[in-house]
Amino acid sequence: MRTSNFLLATLKETPADAEVVSHRLMLRAGMVRQLASGIYSWLPCGLRVLKKVEAIVRQEMDKAGALELLLPGVQPAELWQESGRWKDYGPELLRLKDRHQRDFCLGPTHEEVITSIVKNEIRSYRQLPLNLYQIQTKFRDEVRPRFGIMRGREFIMKDAYSFDVSEQDSRHAYDKMYRAYERIFDRLGLDYSAVEADTGSIGGSFSHEFHVLADSGEDKIAFCKALNFAANVETIALPAPQHGRAAPAQSMEMVETPGVKTIEQLCKMLAVPASKTVKTLVVKGTQGLTAMVVRGDHELNAVKAEALDSVSSPIRFATSKEIKEIIGTETGSIGPVGMNIPIVIDHTVALMSDFVCGANQADRHFTGVNWDRDLPLAKVADLRQAEDGDLCPGGEKGETLTVRRGIEVGHVFQLGRKYSRAMNAFCTNDEGEKTLLFMGCYGIGVSRIVAAAIEQNHDERGIIWPESLAPYKVCIVAIGYHRSEKVRQASEALYQQLDDSGIEVLLDNRNERPGVLFSDMELIGIPHRITVGEKSLEKNEFEYYGRKTGETQTIAAPDLLAVLKSKFEI
RNA sequence: CGGGGCGUGGCGCAGCCAGGUAGCGCACCUGCAUGGGGCGUAGGAGGUCGGUGGUUCGAAUCCACUCGCCCCGACCA
């Protein structure tokens with residue numbers, strides 16, 4: 001391809017809306033354009049990268065024995081009513097009506113459709129195991145789309161579904177997918193980690209998420225190097241600490257805390273560390289409201305809270321109106337002392353003494369509060385999120401956890417019989433009995449991977465593609481293409497030679513200043529650059545520049561192809 | 001959903017408070033010049049100021065409604 005025939009939609013200035021680096025660079029490099037909130041068009045340069053990701057995913061899925069198909073994006077409500085998710089899915093499911101006023105939705109995922117196909121086609125265990133996948137556009141009406149392609153409403157996903165006659169076979173299919181995912185992310189050239197994940201509302205036996213490690217990630221991942229353990233922080237159970245509770249040293253006092261709404265403000269005003277305070281969060285329970293108490297410097301783990309019988313699932317926080325009506329105070333001054341709704345406290349809170357908490361009166365807190373003496377010890381549970389430095393739950397020698405941020409790009413899941421049961425997907429086993437199928441589902445965020453790869457591979461000049469993802473492998477920058485016949489001929493000949501060798505090459509033959517050519521090629525992140533100019537042509541040489549290494553080298557013309565190939569990673 | 005912010009040529013912004021000729025930079029087009037890192041120079045084209053309604057002699061500017069986009073949100077409950 002020549003840039004003279006290409007839509008090279010690069011931007012010199014950064015659009016004001018773009019916050020994270022991948023979003024900025026995708027816009028600046030002319031890869032995507034926003035059409036509506038969370039909805040993007042893919043321009044040629046971006047599409048080439050997207051196709052690279054797709055191709056790798058497709059190859060490895062095929063190699064793992066999965067079969068590709070393509071399912072509809074628009075799905076009838078009946079199917080979702082059958083599985084129960086028409087009610088359960090909530091506003092993220094975009095619903096619409098056709099001209100006959102029949103209900104449909106835009107598929108946010110395809111368990112229903114795939115199950116309906118399989119239950120009609122599969123009769124016997126002899127037809128199994130089966131793993132079907134597709135690469136398709138999905139739509140989830142996110143509350144708050146953000147970070148460009150990273151959390152869009154419309155996005156591209158590879159989703160696979162396995163069907164087996166036994167739990168053991170299903171486990172087999174799961175392991176196979178897990179290994180295929182490792183190969184995929186290796187080939188994509190990403191720094192990633194497979195972590196134990198929450199099976200969430202879907203239930204199921206186990207699940208792993210694949211995360212690309214990046215500071216802009218929305219998830220927190222805990223690692224334990226010593227034990228080779230990694231998990232999403234929300235899944236990590238934290239056992240009760242073994243030490244006891246210190247004896248009370250202070251008496252309980254009410255103090256004025258005007259304007260204090262946050263733990264930070266509270267600590268500042270009273271000059272106490274956050275670990276001496278507690279925060280009380282009010283959530284909707286199965287009967288009325290319930291208070292959850294964690295230490296001031298800890299975070300409530302929504303998954304753990306949800307798991308409690310007394311808390312409604314999905315978890316919902318009480319509104320300020322409800323708090324005012326039932327507890328009779330403003331947010332910011334809530335505490336367990338004299339609380340008139342059920343209380344659950346975290347393990348660590350149960351072991352605190354002389355702590356600070358809200359007094360359930362506006363602008364007042366208590367100091368020197370102690371369990372048993374000032375208030376009865378409440379129900380104790382594991383409520384908080386694991387943090388950097390916490391003890392590794394599997395460790396016995398005091399191993400600690402390190403927490404980093406990750407972007408979830410893949411998820412493998414055992415579904416068990418949830419959907420086959422709801423939708424009556426049976427087959428006959430080797431004893432002639434009808435038996436419910438065991439399912440697994442396996443997702444990869446194809447479009448998100450493009451953004452994640454940029455988060456991990458960029459510098460101040462632009463994107464630095466891993467070779468496996470680059471829109472073109474080599475670019476030829478022709479300096480003086482329109483002025484020098486020599487340059488034009490040499491660059492065209494080189495272009496032809498590379499193209500004939502099956503190398504994806506972009507010839508920049510625009511009538512622009514050299515600086516413009518160089519910086520655009522660096523912005524869009526082409527891994528290898530050959531510069532053709534009169535100076536070097538006189539010596540029958542080309543100049544090489546490596547985007548990732550910054551390496552420059554002059555290469556004698558006859559050696560060019562061989563030397564260039566030696567620089568390729570793949 | 002709550003809170004905040006922003007909609008003015010393709011992009012980035014000023015003008016709005018104090019109503020009166022719509023402006024700047026980049027990009028674009030035409031010359032000249034230049035040619036190894038987003039040069040220089042001369043000229044030019046392009047906007048019913050998100051939409052609707054109102055106030056006014058007069059609205060980008062004031063008022064009301066509305067649409068769109070962005071950011072923040074247990075941190076405290």
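Side chains included, hydrogens not; waters and symmetry mates left out as well; all remaining heavy atoms used.
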Worksheet entry | Of A:Ala302 and A:Leu517, the one whose closest RNA chain B nucleotide lies more 5' | A:Leu517
Response to the item:
Checking A:Glu467, A:Arg547, A:Lys473 against A:His528 for side-chain hydrogen bond (donor to acceptor under 3.5 Å, both in side chains), the one that qualifies is A:Glu467
Worksheet entry | Spacing of A:Met521 atom CE and A:Tyr545 atom OH [to the nearest 0.5 Å] | 13.0 Å
How far does the [atom1] atom of [N] sit from the matching atom of [M], given to the nearest Å?
N: B:G43; M: B:G25; atom1: P; answer: 13 Å
N: B:G7; M: B:C13; atom1: C1'; answer: 13 Å
N: B:C29; M: B:C70; atom1: C1'; answer: 34 Å
N: B:G19; M: B:G38; atom1: P; answer: 46 Å
N: B:G44; M: B:G3; atom1: C1'; answer: 47 Å

Worksheet item: A:Glu522 near the nucleic acid: base, sugar-phosphate alone, or nothing, with a heavy-atom cut-off under 4.0 Å?
Response: base
Worksheet item: Using a cut-off of 4.0 Å on non-hydrogen atoms, how would the nucleic acid contact of A:Arg461 be classed: base, sugar-phosphate, or nothing?
Response: base
Tell me the interatomic distance from [X], atom [atom1], to [N], atom [atom2], rounded to whole angstroms.
X: A:Leu7; N: B:A27; atom1: CG; atom2: P; result: 18 Å
X: A:Glu13; N: B:C11; atom1: CD; atom2: P; result: 11 Å
X: A:Glu299; N: B:G73; atom1: CD; atom2: P; result: 11 Å
X: A:Leu11; N: B:C28; atom1: CG; atom2: P; result: 12 Å
X: A:Lys12; N: B:G10; atom1: NZ; atom2: C1'; result: 14 Å

Using a cut-off of under 3.5 Å, enumerate the N/O to N/O pairs linking the protein to nucleotides 66-71 of chain B.
from	atom 1	to	atom 2	distance (Å)
B:C69	OP1	A:Ser37	N	2.8
B:C69	O3'	A:Gln34	NE2	3.1
B:C69	O2'	A:Asp17	OD2	3.1
B:C70	OP1	A:Gln34	NE2	3.3
B:C70	OP2	A:Ser37	OG	2.8

Fill in: Identified salt bridge (charged side-chain N to carboxylate O under 4.0 Å, His left out) partner of A:Lys220 from the options A:Glu234, A:Glu387, A:Glu299, A:Glu209
A:Glu299
So which protein N/O to nucleotides 34-36 of chain B N/O distances come out below 3.5 Å?
from	atom 1	to	atom 2	distance (Å)
B:U34	O2	A:Arg513	NH1	3.1
B:G35	O2'	A:Arg483	NH2	2.8
B:G35	N2	A:Asn511	OD1	3.4
B:G36	O6	A:Ser536	OG	3.4
B:G36	N1	A:Glu543	OE1	3.2
B:G36	N1	A:Glu543	OE2	2.6
B:G36	N2	A:Glu543	OE1	2.2
B:G36	N2	A:Glu543	OE2	3.4

Worksheet item: Is A:Glu512 reaching over with its side chain to a backbone N or O of A:Leu517, donor-acceptor style, under 3.5 angstrom?
Response: no
Item to complete: Would you confirm whether A:Tyr495, through its side chain, and A:Met1, through its main-chain N or O, come within 3.5 Å as a donor-acceptor pair?
Response: yes
Any-strand Watson-Crick or G-U partner of [N], both distances under 3.5 Å:
N: B:G7; answer: B:C67
N: B:C62; answer: B:G54
N: B:G35; answer: none

Worksheet item: Among pairs that include at least one residue of residues 326-358 of chain A, which meet ring-ring contact (aromatic ring centres under 6.0 Å, His included), considering only residues two or more places apart or in two chains?
Response: A:Phe355-A:Trp371
